[in-house]
Amino acid sequence: MRCMTESEMYEVDRKSAEDYLLPTTVLMENAGRALADGLKSKLSKEMRICVVTGPGNNGGDGYVLARTLLNEGYAVEVLETVTEAEMSTDEQLYRQIYLKYQGTLTKVDDVDVAAYLVDKDIIVDALFGIGLTGRVRAPFDQWIETINQSGKCVISLDVPSGVSSVAADDLLAIRANHTFIIEAPKPSLFIEATRPFYGEVTVVSIGLPKKELLQSSLTVWQQEDVKQTLQKREPFSHKGNYVHLLVIGGSAFMPGSVKLTSTGAYRTGAGLVTVMTSEEALPMLANGLNEVMYQPLEPEALTDEALAKYDVIACGMGLSETAAGRALLSRVLETKKPLVIDASGLNLLSEDLSRLERRQALTVLTPHPKEMARLSGLSVAAIKRQPFRVVADFAKAHQVYLVLKGAMTLSASPSGEININTTGNSGLSKGGSGDLLTGMVASRVLSDDTPLAGISNAVFLHGLAADLAVSDRHSSYDLTATEVSDYLGRSFQAVLRKNIQASINIK
Ligand SMILES: NC(=O)C1=CN([C@@H]2O[C@H](COP(=O)(O)OP(=O)(O)OC[C@H]3O[C@@H](n4cnc5c(N)ncnc54)[C@H](O)[C@@H]3O)[C@@H](O)[C@H]2O)[C@H](O)CC1
Ligand SMILES: [K+]
C-alpha cells in the first residue's frame, strides 16, 4: 500500500481531473459515500450523529456523508462552522444537495457548541483535511478543543483535523477514536507526534487511478510485499547459493552483540556466517554458536583477497570506540564489499562522512534516532518531527541505504524511496534487538528482489517475530532479543503461509 504526501495527493487529484476527465464533484461524491460505507460499521439507527463541516473539500465530504446516511434512515445532522460564501465551490454544491434532501443544518454562531454536542453519540470531524497549513487558526481552534473535551466518540474523515502539514511541536488537532483515510495514508500517520490523533484507522478507496497512486515514493511494506520479493529457496541449493556474511565487532565486554547478529543472519537465510572478533570475546561466543566460524580481529587481515569469499560485511556491533576500532572501521569502509554498519560503527563513521562518498559498494546504515542525530548533525527532536524528509535527504546525499529504527522503522534507498514498517512492539525497545536486526538485514540485502526490498523484509520479519512472541507466551515487558530470534521461524511461517494482514496493521 502506498503512503502519499499531501502534495502528491493533490497531484493525483489534478491528473484525475485533467488527464482522466474525472470531475472533482464525482470524486467528492465517491469520497463521501465510501466514508459513509466505512462508518456504518460503527453506527446504529438509534445513534445521534453530528457532522461538523469546515471551509474546504473535507467539509464537502462531510455533506455527502451526511446526506448518504440521512437517506438511509440514520439520525444525522450537520453543524457548520463557516458561511456558504466561505466554502469551496464543490462543498457549496453538496451543501445545497444536502438541503434538498431536507437535511438539518445548524450554524456554530447560533448555538453553544458544547451544549449542542451533549446529546450526540457520534461526532464526525469534517473540519479540515489535507489542505490545512500551519496551526489551526481562531475561531476553529475553539471548536476542536470543544470536540476533544466532549468525551464523545469522534470519527475523522481523511485526517484528524489539525495534523496535516503541521510542525509537530505546535499541534492542536482532533483526537479521533477512528479515522477513515481516503485512498492512501499520509505521512502523519507514521510520525510519533501525530500518530496518536488518528485512533484506529481504515483506508477507503474513492476510485482514483491506481496507476497514479503507485507513483508515490512512500510504501507501507506489508506481508504481500515480503511474499512477493523474498528470494525462493530452491530444493537443489547449497550453502554457497546464499550469502556468506562476515560479522565484525564484539569486544571483551560486549560479546553478545555479534552472537545476536550471527543468529539473526542464520535465522534469516544466510548460507555461512564468519565472525571476526576480539580474542577475549571468543571463548564466550564459541560456547553455544555452533554454526559460526571465527577469525581474529585484525585490520591487516582485511585485504581484498582475504575478503573475496564474503558477500556482505556487517560491522560495528559491540565494537570498541577506540583507536583500534576506528582503524578497523576505516579499513572496512575502504573495502569493495557491500557493508551494513550499526551501533559503534555508526558513531565512528559520524566522525568523517566523506568516507561514504568514496565507497564503491552498497552501504546500509541502521541508526536509531540518537545515532541518526550524530550522523546528520540534527537534533533527535528535529529528526522525529520530519523523519521522512531527514531519511530521504540523507540517503540521497550520501548514496546509502538507511534504516531509521523506531516504532515505525523507515528504510530508504539512495534514490529516496522509503518503505514504512508497521510490525513490532515496545518489547523491541531493548538492548540486543538492533544487533539481531543488523544480521537479518545483512542476510537479506543482496538476496531479495532489490536491496531495499531485502532490507524491508528483514525489518518486517523482525517486528513480526516480536509481535508473535507477545501474542504467544511473552509480553512487551519480558521479551528479549534472544527470544525474538527464537520466534523468527514463526515469523517466516506466518508470512509464507497465512494472510496475516488484510489491511494495515498500525499500532
Ligand atoms: N484525492 C483526494 O484525496 C480527495 C479528497 N477530498 C477531500 O478534500 C480534502 C482536501 O480539501 P481542501 O479543500 O484542499 O482542504 P481542506 O478541506 O483541508 O480545507 C482547506 C481550507 O482550510 C483553510 N485553512 C487552511 N489552513 C488553515 C488554518 N491553519 N486555520 C484555519 N483555516 C485554514 C483554507 O483556507 C481552506 O479553505 C481532503 O482531505 C479530502 O477530505 C475530495 O473530496 C475528493 C478527492
Ligand atoms: K477531518
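Whatever order the structure lists them in is the order used to number ligands and atoms, beginning at 1. Since we're looking at a predicted model, the values are computed, not measured. For the numbers below, each heavy atom of this structure counts, side chains included, while hydrogens, waters and symmetry mates do not.
- Under a 4.0 angstrom heavy-atom cut-off, Glu183 registers as lying outside contact with ligand 1.
- When the salt bridge (Lys or Arg N to Asp or Glu O under 4.0 Å) test is applied to Asp342, the partners found at least two apart in sequence or on another chain are Lys405.
- Here the protein heavy atom with the shortest distance to atom 30 (N) of ligand 1 is Arg137 N, 3.0 Å.
- Donor-acceptor pairing under 3.5 Å is lacking for the side chains of Asp158 and Ser156.
- With a heavy-atom cut-off of 4.0 Å, Asn57 touches ligand 1 through backbone and side chain alike.
- Residues satisfying the salt bridge (Lys or Arg N to Asp or Glu O under 4.0 Å) test with Arg359, not counting sequence neighbours, are none.
- In summary, the atoms of ligand 1 found under 4.0 Å from a heavy atom of Gly129, numbered by their order in the structure, are 16 (P), 17 (O), 18 (O), 39 (O).
- Remark: the Thr25 side chain and the Tyr94 side chain contain no N/O donor-acceptor pair separated by less than 3.5 Å.
- Comparing Ala184, Ala34, Gly56 against atom 19 (O) of ligand 1, the shortest heavy-atom distance belongs to Gly56.
- Near Ile182, meaning under 4.0 Å from one of its heavy atoms, ligand 1 places the atoms 3 (O), 40 (C), 41 (O).
- A distance-only check finds no donor-acceptor pair linking the side chain of Thr268 to the backbone of Met440 [under 3.5 Å].
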**Item:** Test side-chain contact (heavy atoms from CB on, under 4.5 Å) applied to Glu145 and Asn148, step by step
**Value:** CA-CA 5 Å; Glu145 273 164 5; Asn148 283 344; 5.7 Å; no

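- Side-chain polar atoms of Thr106 and Glu80 form no donor-acceptor pair below 3.5 angstrom.
- If you look at Val159 next to ligand 1, there are no close heavy atoms at all, none under 4.0 Å.
- Regarding atom 1 (N) of ligand 1, its nearest protein heavy-atom neighbour is Asp13 OD1, 2.5 Å.
- Within a 4.0 Å radius of atom 7 (C) of ligand 1, the protein contributes at least one heavy atom.
- Seen from the ring of Tyr98, Lys100 does not count as a face-on cation partner, given the 6.0 Å and 45° thresholds.
- For Asp125, the N, O or S atom with the smallest separation from the K ion (ligand 2) is O.
- Look at Asn58 and the K ion (ligand 2): an N/O/S atom of the residue is under 3.4 Å from the metal.
- Within the 4.0 Å heavy-atom criterion, both parts of Ile130, backbone and side chain, lie near ligand 1.
- Proximity of a side-chain donor or acceptor of Asp61 to a complementary backbone N or O of Gly32 within less than 3.5 Å is not detected.
- A donor-acceptor contact under 3.5 angstrom links the side chains of Glu84 and Gln96, judged on distance only.
- For Leu132, the closest heavy-atom approach to ligand 1 falls below 4.0 Å.
- In the model, Ser88 has a side-chain atom that pairs as donor or acceptor with a side-chain atom of Asn57 under 3.5 Å.
- The distance between the ring centers of His178 and Phe180 falls below 6.0 angstrom.
- Remark: ligand 1 atoms within the under-4.0 Å shell around heavy atoms of Pro55 are 21 (C), 22 (O), 37 (O).
- Residue Leu375 is tested with Ile383, Leu346, Val400, Asn347 for a side chain to side chain contact (heavy atoms under 4.5 Å, CB included); the sole match is Leu346.
- Residue nearest to atom 41 (O) of ligand 1, selected from Leu22, Leu27, Asp61: Asp61 (by heavy-atom distance).
- Among the atoms of Val159, an N, O or S atom falls under 3.4 Å of the K ion (ligand 2).
- Contact annotation: for Glu86 versus ligand 1, there are no heavy atoms closer than 4.0 Å.
- Remark: the Glu46 side chain and the Tyr74 side chain contain no N/O donor-acceptor pair separated by less than 3.5 Å.
- At a cut-off of 3.5 Å, with distance as the only test, a side-chain donor of Ser161 or Asp125 sits close to an acceptor on the other residue.
- In summary, the atoms of ligand 1 found under 4.0 Å from a heavy atom of Met28, numbered by their order in the structure, are 43 (O).
- In this structure, a donor-acceptor pair under 3.5 Å is present between the side chains of Tyr63 and Thr53.
- By the 6.0 Å and 45° rule, Arg67 stacks over the aromatic ring of Tyr101.
- Using a 4.0 Å cut-off to heavy atoms of Asp158, the atoms of ligand 1 that qualify are 38 (C), 39 (O), 40 (C), 41 (O).
- The shortest contact between atom 15 (O) of ligand 1 and any protein heavy atom is with Gly131 CA, 3.2 Å.
- At a 4.0 Å heavy-atom cut-off, ligand 1 touches Asn58 through backbone and side chain alike.
- For atom 4 (C) of ligand 1, a protein heavy-atom neighbour is present inside the 4.0 Å cut-off.
- Here Thr133 has heavy atoms under 4.0 Å from ligand 1 in both its backbone and its side chain.
- Note on Ser156: not counted as a metal contact of the K ion (ligand 2), no N/O/S atom lying under 3.4 Å.
- Atom 35 (O) of ligand 1 lies below 4.0 Å from none of the non-hydrogen atoms of the protein.
- The closest non-hydrogen atom to atom 23 (C) of ligand 1, taken over Tyr10, Phe128, Phe180, comes from Phe128.
- Angle O(Leu157) to the K ion (ligand 2) to O(Phe128), rounded to 10°: 110°.
- For ligand 1, the polar-atom distance check finds no N/O of Leu157 at less than 3.5 Å from any of the ligand's N/O atoms.
- Less than 4.0 angstrom separates some heavy atom of Leu208 from each of these atoms of ligand 1: 1 (N).
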